[in-house]
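Encoded as structure tokens, the structure appears first; notes follow it.
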Amino acid sequence: MNNINEEMEILRFHQRLLLNLIRNPEAKLDYLFVEKNFTKKEAEELLETCDILSKRYEIEKAEGYMNFRPLFNQFERKVNPKITTKECIDACISQGLYVSFMKEMDRV
């Protein structure tokens with residue numbers, strides 16, 4: 001019975017994402033979450049990771065850092081294994097999320 005409830009929650013989450021995609025076809029991260037069958041918790045964890053690392057990037061950049069390889073390595077380790085780092089970067093940029101951070105990660 002618990003498995004059915006989990007599946008229903010995933011379907012509800014995906015339904016919300018698909019409705020957002022109808023309104024905003026550029027929401028590539030939402031599409032990726034559906035395509036790769038992310039749970040709401042997995043999606044929230046990825047967004048939290050991106051948020052934390054993006055803030056750290058802005059701090060390091062303001063402090064004059066030039067080498068963001070360690071930050072990229074941390075990002076790469078924390079990205080959910082259902083997707084590649086490149087998929088995450090491209091989807092975030094396309095959707096307008098963490099753009100400055102993601103562009104730098106794409107360069108690294």
Side-chain angles (χ1 to χ4, degrees):
M1 186 67 159
N2 193 26
N3 195 21
I4 291 173
N5 288 335
E6 289 173 15
E7 289 295 321
M8 294 268 299
E9 285 304 310
I10 291 171
L11 289 172
R12 285 185 186 118
F13 173 59
H14 288 182
Q15 183 181 30
R16 284 192 302 273
L17 294 174
L18 290 170
L19 286 172
N20 187 47
L21 273 165
I22 291 169
R23 286 184 228 115
N24 179 12
E26 296 303 312
K28 302 297 184 197
L29 188 60
D30 291 352
Y31 176 82
L32 199 59
F33 287 157
V34 174
E35 179 184 44
K36 302 295 183 169
N37 200 33
F38 269 60
T39 64
K40 184 175 182 181
K41 182 181 178 200
E42 289 171 329
E44 287 171 348
E45 287 171 353
L46 179 65
L47 290 172
E48 182 180 353
T49 293
C50 291
D51 191 55
I52 290 167
L53 294 178
S54 177
K55 287 175 183 172
R56 186 172 302 150
Y57 164 73
E58 293 299 331
I59 291 168
E60 289 181 5
K61 184 177 165 188
E63 291 175 351
Y65 282 66
M66 301 283 289
N67 178 12
F68 298 103
R69 177 53 114 179
L71 199 58
F72 176 80
N73 292 341
Q74 188 175 6
F75 174 62
E76 192 172 41
R77 283 191 306 274
K78 291 190 174 198
V79 168
N80 188 298
K82 290 182 178 180
I83 61 173
T84 67
T85 304
K86 181 70 172 152
E87 285 175 318
C88 182
I89 290 169
D90 291 345
C92 284
I93 290 171
S94 176
Q95 195 161 331
L97 299 170
Y98 315 107
V99 176
S100 179
F101 170 65
M102 291 299 168
K103 285 184 178 180
E104 186 63 42
M105 294 301 99
D106 198 31
R107 282 191 283 271
V108 173

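Note that the numbering runs from 1 along the sequence shown for the chain.
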What are the two closest non-hydrogen atoms of Pro25 and Ile22, and how far apart are they?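 Of all heavy-atom pairs spanning Pro25 and Ile22, the closest is CD-O, 4.2 Å.
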Which pair of heavy atoms, one from Leu32 and one from Cys88, lies closest together, and at what distance? CD2-N, 4.3 Å
Sequence neighbours excluded, which residues qualify as side chain to side chain contact (heavy atoms under 4.5 Å, CB included) partners of [X]?
X     : answer
Lys82 : Lys36, Phe38, Glu42, Asn80
Met66 : none
Ala27 : Asn20, Leu21, Asn24, Asp30, Gln95

Looking at residues at least two apart in the chain, or sitting in another chain, which of them share a salt bridge (charged side-chain N to carboxylate O under 4.0 Å, His left out) with [X]?
X     : answer
Lys61 : none
Arg56 : none
Lys41 : Glu45
Glu58 : none

Apply side-chain contact (heavy atoms from CB on, under 4.5 Å) to the pair Gln15 and Leu11, showing each step before the final yes or no. CA-CA 6 Å; Gln15 183 181 30; Leu11 289 172; over 6 Å; no
Drop me the distance from [X]'s [atom1] to [Y]'s [atom2], to the nearest 0.5 angstrom.
X     : Y      : atom1 : atom2 : result
Glu44 : Thr39  : CD    : OG1   : 8.5 Å
Ser94 : Ile89  : OG    : CD1   : 13.5 Å
Thr85 : Arg77  : OG1   : CZ    : 11.0 Å
Lys28 : Glu87  : NZ    : CD    : 13.0 Å
Leu53 : Met105 : CG    : CE    : 8.0 Å
His14 : Leu19  : NE2   : CG    : 13.0 Å

Suppose the criterion is ring-ring contact (aromatic ring centres under 6.0 Å, His included): which pairs have a residue in residues 68-98, not counting sequence neighbours?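 Listed once each, the pairs are Tyr57-Phe68, Phe75-Phe101.
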How about Leu29 and Leu47: do any of their side-chain heavy atoms sit closer than 4.5 Å? yes
Would a 4.5 Å heavy-atom cut-off, applied to side chains only, mark Cys50 and Leu97 as touching? no
Kindly indicate, with the supporting measurements, whether the criterion side-chain contact (heavy atoms from CB on, under 4.5 Å) is fulfilled by Leu71 and Val108. CA-CA 10 Å; Leu71 199 58; Val108 173; over 6 Å; no
Going by the rule side chain to side chain donor-acceptor pair (under 3.5 Å), which residues pair with [X] if we only count those two or more places apart in sequence or in a different chain?
X     : result
Lys86 : Asp90, Asp106
Arg16 : none
Glu9  : Arg12
Asn73 : none

Should Phe13 and Ile10 be counted in the same cluster of Ile, Leu, Val, Met, Phe, Trp and Tyr side chains packed under 4.5 Å apart?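 No; tracing contacts between hydrophobic side chains, which count when under 4.5 Å, never links both residues.
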